[in-house]
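See below for the structure under consideration.
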Amino acid sequence: MTTTQAWRSASSVRVRRRIWRSTGYVLLIAISAATVFPFVWMLLTSVRRRDTVFGGGIIPDHVTFDAYQRSWSQLDYPSHFLTTLAITTLTVLAVVALATLGGYAFAKLRFPFRQTLYVILLSTLMLPVTAIILPLFLQLRTLHLLGTRQGLLLVYIGTSLPFAMFLMRAFFETLPDELIQAARADGAGEFTIFRKIMLPLAAPGVATVVIFQFMNTWNEFLYAQTFLQNPDYLPLQPVLYTIVGQYSTDWPLVCASLTMSILPIVLVYIRMQRRFVAGLTLGAVKS
């Protein structure tokens, strides 16, 4: 092959790479636009008049924050927001504490029936929500926890633990056993090894569990709607559902309420996004 032919071949390869790269950028931009558009539409709808939701342009001619004021007062938004925040925070703390302990035990400790218990734990992930909602309803009624926030909290923790423990076990398995053996040789106990050595190294995994659990609990609707019969105890999602009418819906009010409800999720993700991405990368392979 002559020098000219080699140069032409290299130039052709560079052109093909640029074409594929440009095509990839176009596809990513299109997917991003399709993903962001519903949020933009919701935000713009929340600041427009009700009679212009489907009759005007995408960008409202007149901006008003009346829907936010009505959502704050008519729906008793602060009370339900605090209820959701309290339930979500307690659920996240409990799930993270139990999932890290259980994940470490399944990954690094040896005890009887370890694999059998883990398989039973994973089998619960295959059960759909609709299959267990009736048994949970009867169990809460038997324990006199039906219609209470404590009962809903226990349901959230119990149904969320298998997946969270599965994630944490995967993260702890990526950590070298030599660290544990060295700590044991120095006389450290298992809980000390877990708290001072393993848990800090598994911080990306913990961040992943926190984001997933916060998002799932904050947005949960079915359990709260089924187990809480007192409207004053309801978290945000069942309350927001009551705004949707059978024949007509106040869409600016719905969009304003939804916009305020997703802000905590956005803030949590922004705060922990680096650890979250690192956690996804770390958990993807086993070293």
Side-chain angles (χ1 to χ4, degrees), residues 84-85 87-111 113-133 136 152-180 183 190-224 237 262 264-287:
T84 307
L85 182 62
I87 292 176
T88 302
T89 302
L90 292 174
T91 301
V92 170
L93 291 176
V95 168
V96 168
L98 296 175
T100 51
L101 288 169
Y104 173 76
F106 279 117
K108 298 300 183 182
L109 301 182
R110 300 293 179 266
F111 52 89
F113 307 108
R114 179 175 69 100
Q115 196 63 27
T116 303
L117 291 174
Y118 185 67
V119 171
I120 294 175
L121 181 73
L122 290 184
S123 65
T124 62
L125 297 176
M126 305 177 187
L127 297 175
V129 174
T130 53
I132 63 175
I133 193 167
L136 288 174
L152 182 64
L153 184 63
L154 291 177
V155 169
Y156 283 164
I157 295 173
T159 55
S160 302
L161 264 179
F163 180 69
M165 202 173 295
F166 166 75
L167 284 180
M168 290 310 306
R169 178 181 183 267
F171 284 112
F172 281 119
E173 283 187 337
T174 62
L175 303 179
D177 294 334
E178 289 77 10
L179 294 175
I180 299 177
E190 290 297 335
F191 187 73
T192 301
I193 296 173
F194 165 77
R195 183 171 58 89
K196 294 186 176 182
I197 300 176
M198 294 287 104
L199 191 58
L201 294 177
V206 174
T208 304
V209 172
V210 168
I211 291 178
F212 274 122
Q213 190 58 49
F214 190 94
M215 181 180 62
N216 291 337
T217 306
W218 189 272
N219 291 327
E220 203 284 320
F221 169 79
L222 185 59
Y223 287 145
Q237 302 309 321
I262 68 174
I265 299 177
V266 174
L267 293 176
V268 169
Y269 180 77
I270 291 176
R271 175 66 178 84
M272 307 185 71
Q273 62 176 330
R274 290 184 179 179
R275 290 183 179 273
F276 177 69
V277 174
L280 292 179
T281 305
L282 180 62
V285 294
K286 180 179 178 181
S287 59

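Just so it is clear, the structure is predicted and the values come from calculations on it, not from any experiment. Position 1 is the first residue of the sequence; numbering continues from there.
Taken to the nearest 0.5 Å, the CD atom of Q115 stands 11.0 Å off from the CD1 atom of I120. Within the model, atoms CD1 of I197 and CD1 of I193 stand 6.0 Å from one another, a figure rounded to the nearest 0.5 Å. Note that the CG atom of L152 and the CG atom of L90 stand 11.0 Å from one another [nearest 0.5 Å]. Note that OG1 of T159 is 4.5 Å distant from OH of Y223, once rounded to the nearest 0.5 Å. To the nearest 0.5 Å, atoms CG (L121) and CG (L161) are separated by 8.0 Å.
The shortest side-chain heavy-atom distance between F111 and L117 falls under the 4.5 Å cut-off. Under the 4.5 Å side-chain criterion, counting only non-hydrogen atoms from C-beta, V95 is not in contact with T217. Within the 4.5 Å cutoff, the side chain of M168 has no heavy atoms near those of the L101 side chain. Between L125 and L122 there is a side-chain heavy-atom pair separated by less than 4.5 Å. F171 is not listed as a side-chain neighbour of V209, based on a closest heavy-atom distance of 4.5 Å or more. Annotation: side chain of Q213 is in contact with side chain of T91 (closest heavy-atom distance under 4.5 Å).
Counting heavy-atom neighbours within 6.0 Å of F166 CZ, excluding the residue itself, gives a total of 12 or less. No more than 12 heavy atoms of other residues, nucleotides or ligands lie within 6.0 Å of CZ in F113, so this atom counts as exposed by the packing criterion.
Residues satisfying the side-chain hydrogen bond (donor to acceptor under 3.5 Å, both in side chains) criterion with T100, sequence neighbours excluded, are absent altogether. A search for side-chain hydrogen bond (donor to acceptor under 3.5 Å, both in side chains) contacts involving E220 returns Y156, not counting sequence neighbours.
Judged purely by atom type and a 3.5 angstrom limit, T88 has no side-chain atom pairing as donor or acceptor with the backbone of L85. In this structure, the side chain of K108 engages the main chain of L175 through a donor-acceptor pair within 3.5 Å.
Residues L98 and M165 share a closest heavy-atom pair of O-CE, 4.0 Å. Between P204 and L201, the shortest heavy-atom contact is CD-O, 3.7 Å. The nearest pair of heavy atoms linking A107 to E173 is CB-CG, 3.7 Å.
The aromatic rings of Y104 and F172 sit perpendicular to each other, their planes meeting at more than 60°, with 30° as the lower class boundary. By the 30° and 60° cut-offs, the orientation of the rings of F214 relative to W218 is parallel.
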